[in-house]
Amino acid sequence: MPKEYKTIQEIAGPLMLVRGVEGVTYDELGEIELSNGEKRRCKVLEIDGSNALVQLFEDSTGINLSNSKVRFLGRSMELGVSEDMLSRVFDGLGRPIDNGPEILPEKRLDINGLPMNPAARNYPQEFIQTGISAIDGLNTLVRGQKLPIFSASGLPHANLAAQIARQAKVIGTDEPFAVVFAAMGITFEEANFFIESFRETGAIDRTVLFVNLANDPAVERIATPRMALTTAEYLAFQKNMHVLVIMTDITNYADALREVSAARKEVPGRRGYPGYMYTDLASLYERAGRQKGKPGSITLIPILTMPEDDKTHPIPDLTGYITEGQIILSRELYRKGITPPIDVLPSLSRLKDKGIGEGKTRADHANTMNQLFAAYARGKDAKELMTVLGEAALTDIDKLYAKFADEFEREYVSQGYYTNRSIEETLNIGWKLLSILPRSELKRIKDEYLDKYYGKVQ
């Protein structure tokens, strides 16, 4: 029976100081029992001699210092996992909130996970089809990759996240594929949108949802992505599934980290975020990947809204250091009505070359991808020139490039949130658009592919 302490000294916001404790360790879970029998959970943040600083998961109202008791449970936070979690909705602490039965756990796992030995990692190299041309054709997602989406306030990243979760699949295999979706600090409407979106399309059957709402405590927000990744590790490395983890919004998570850090009176780093934010984010992102000798994999798409649309803000900046590229959403494209508004030029998937080509997508993929990038970049330059100097200043070939850029945005990038394109369709649309340009301009494509596809794809 855990020892009970009645030595609560003070409560400040979400923090509480307990004196005279013995044998209590960092990150240990605790239970506070109020005089009326109600129980609230907490975890140990700091040990200083016989003093323990604990953080409450719920709010501190109604806790009377003199007649409340604290018990420490001798374990850190755990999640009971089982395959029955698929098609279920949980709160940020892993409790069911969909009116379904409690989960009977097959095992209980520490939510902090075990770091993956770099030598035991397998290289990501299998193509994942999201059904979205701007990703599949140009910034290809590979199984085991970490590819964040950089969005901004008011842009439709929720629609894009739901679309990827519904449509993503590994083509050419019937291996079990699951989605773990973690939402942090979102509104009730957004939570509802995700749940309904998955239910309508039947995608819920292969999805586990963790939902932490904006009015839930900050400390729960810090646990939410760890709950999701623990579930993903269990499904991937113990049940041999391929798991896609989507986390939105990392900015809310980092803000919760900053809130807790400020409550602990730690020395702040850039923009008030704690100095260990890089390490903390890495402890989440690096749980994705593939392990040698195990068929399962975890592919991670964290979504974050860049404060003030600023790529150099600490959250996107640090995320970019840890992950393998980024998909960037553009406010300018969104205003033009392009959906999804993916800005393909600054977007990047560092592993795209590994997941494309003969036997994976199609032999002409790498050539056409490079040519589309080059043509779109030149088309955008031509359009800027046109804005400054007028159309008369453009050469005939520049006008063709400007036309290409417009058509590319309208046909290739803008496909809506309910169109699921196969990689064949995406590549064919690319060829159709390249046919706007004279063959002599397509210098990045081998002649054999030009002979086969140029002007022949409708």
Side-chain angles (χ1 to χ4, degrees), residues 127 129-141 325 327-330 332-350 352-353 355-358 360-416 419 421-458:
F127 169 67
Q129 180 177 293
T130 63
I132 299 160
S133 294
I135 297 176
D136 293 349
L138 299 173
N139 292 295
T140 316
L141 177 65
I327 302 289
I328 295 182
L329 301 190
S330 146
E332 186 194 340
L333 290 177
Y334 180 57
R335 287 196 187 111
K336 281 190 199 172
I338 306 286
T339 55
I342 295 173
D343 194 351
V344 297
L345 293 179
S347 297
L348 166 71
S349 165
R350 293 196 179 99
K352 65 185 173 198
D353 300 338
I356 61 175
E358 187 79 65
K360 291 179 181 175
T361 52
R362 207 166 75 182
D364 59 314
H365 192 157
N367 279 195
T368 52
M369 174 175 76
N370 293 337
Q371 189 66 65
L372 284 167
F373 269 125
Y376 181 50
R378 185 162 166 193
K380 284 191 81 168
D381 288 347
K383 285 177 69 180
E384 277 177 30
L385 206 59
M386 201 193 298
T387 311
V388 179
L389 301 174
E391 197 171 330
L394 295 189
T395 62
D396 288 345
I397 192 72
D398 279 342
K399 284 177 190 162
L400 277 180
Y401 273 109
K403 180 187 175 199
F404 170 86
D406 286 335
E407 293 287 321
F408 176 81
E409 285 173 6
R410 203 174 68 237
E411 274 200 52
Y412 195 95
V413 180
S414 190
Q415 64 178 73
T419 307
R421 289 181 182 163
S422 69
I423 186 61
E424 292 278 325
E425 283 175 73
T426 289
L427 291 170
N428 290 344
I429 293 168
W431 274 108
K432 187 176 147 197
L433 291 166
L434 289 172
S435 301
I436 293 172
L437 302 170
R439 178 167 169 159
S440 57
E441 287 291 310
L442 307 182
K443 299 185 177 75
R444 294 165 189 268
I445 303 181
K446 290 180 181 167
D447 279 339
E448 58 178 292
Y449 302 138
L450 286 168
D451 293 344
K452 188 171 177 185
Y453 297 107
Y454 179 75
K456 296 176 184 162
V457 177
Q458 286 309 312

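All values below were derived from every heavy atom in this structure, side-chain atoms included, with hydrogens, water molecules and symmetry-related copies excluded. For this chain, numbers begin at 1 and follow the sequence in order.
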Would you give the length of the straight line joining atom [atom1] of [X] to atom [atom2] of [Y], rounded to the nearest 0.5 angstrom?
X	Y	atom1	atom2	answer
Ser414	Ile338	OG	CD1	4.5 Å
Asp451	Lys456	CG	NZ	6.5 Å
Ile328	Ser347	CD1	OG	5.0 Å
Ile429	Phe408	CD1	CZ	10.5 Å
Ile436	Tyr401	CD1	OH	11.5 Å
Asp364	Trp431	CG	CH2	6.0 Å

Is the shortest heavy-atom distance from the side chain of [X] to the side chain of [Y] under 4.5 Å?
X	Y	answer
Tyr376	Leu345	yes
Lys360	His365	no
Leu372	Tyr412	yes
Glu441	Arg378	yes
Thr361	Thr426	no
Leu333	Ile342	no
Asn139	Phe373	yes
Ser133	Thr419	no

Notebook entry, point to check: Are there more than 12 heavy atoms of other residues, nucleotides or ligands under 6.0 Å from atom CZ of Arg444?
Noted result: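 Not more than 12 within 6.0 Å, no.
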Margin query: If you count every heavy atom of other residues, nucleotides or ligands that lies below 6.0 Å from Lys452 atom NZ, does the total exceed 12?
Written below: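 Atom NZ in Lys452 is not crowded, with 12 or fewer foreign heavy atoms closer than 6.0 Å.
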Next item on the list: Please determine if Glu407 and Arg410 form a salt bridge, counting it only when a charged side-chain N lies under 4.0 Å from a carboxylate O.
Entry: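 A salt bridge is present here (some side-chain N lies under 4.0 Å from a carboxylate O).
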Just by distance, do the side chain of [X] and the backbone of [Y] share a donor-acceptor pair under 3.5 Å?
X	Y	result
Asp398	Ala382	no
Thr140	Lys352	no
Asp136	Gln129	no
Gln415	Pro340	no

Next item on the list: May I have all residue pairs that pass side-chain hydrogen bond (donor to acceptor under 3.5 Å, both in side chains) and include part of residues 380-392, sequence neighbours excluded?
Entry: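 Checked against side-chain hydrogen bond (donor to acceptor under 3.5 Å, both in side chains) - neighbours excluded - the pairs reaching residues 380-392 are Lys383-Asp406.
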Note to self: Just by distance, no angles: are the side chains of Arg421 and Asn428 close enough, under 3.5 Å, to form a donor-acceptor pair?
What the structure shows: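 Their side chains do not contain a donor-acceptor pair, so the 3.5 Å distance test is not met.
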[X] versus [Y], closest heavy-atom pair with distance:
X	Y	answer
Ser435	Gly455	OG-N, 3.2 Å
Tyr334	Pro341	N-CB, 3.6 Å
Arg350	Gly325	NH1-N, 3.1 Å

Next item on the list: Begin from the C-alpha positions of Glu409 and Val344 and carry the test side-chain contact (heavy atoms from CB on, under 4.5 Å) through to its verdict.
Entry: CA-CA 10 Å; Glu409 285 173 6; Val344 297; over 6 Å; no
Checklist line | Tyr453: which of Arg362, Glu448, Lys432 passes side chain to side chain contact (heavy atoms under 4.5 Å, CB included) | finding: Arg362
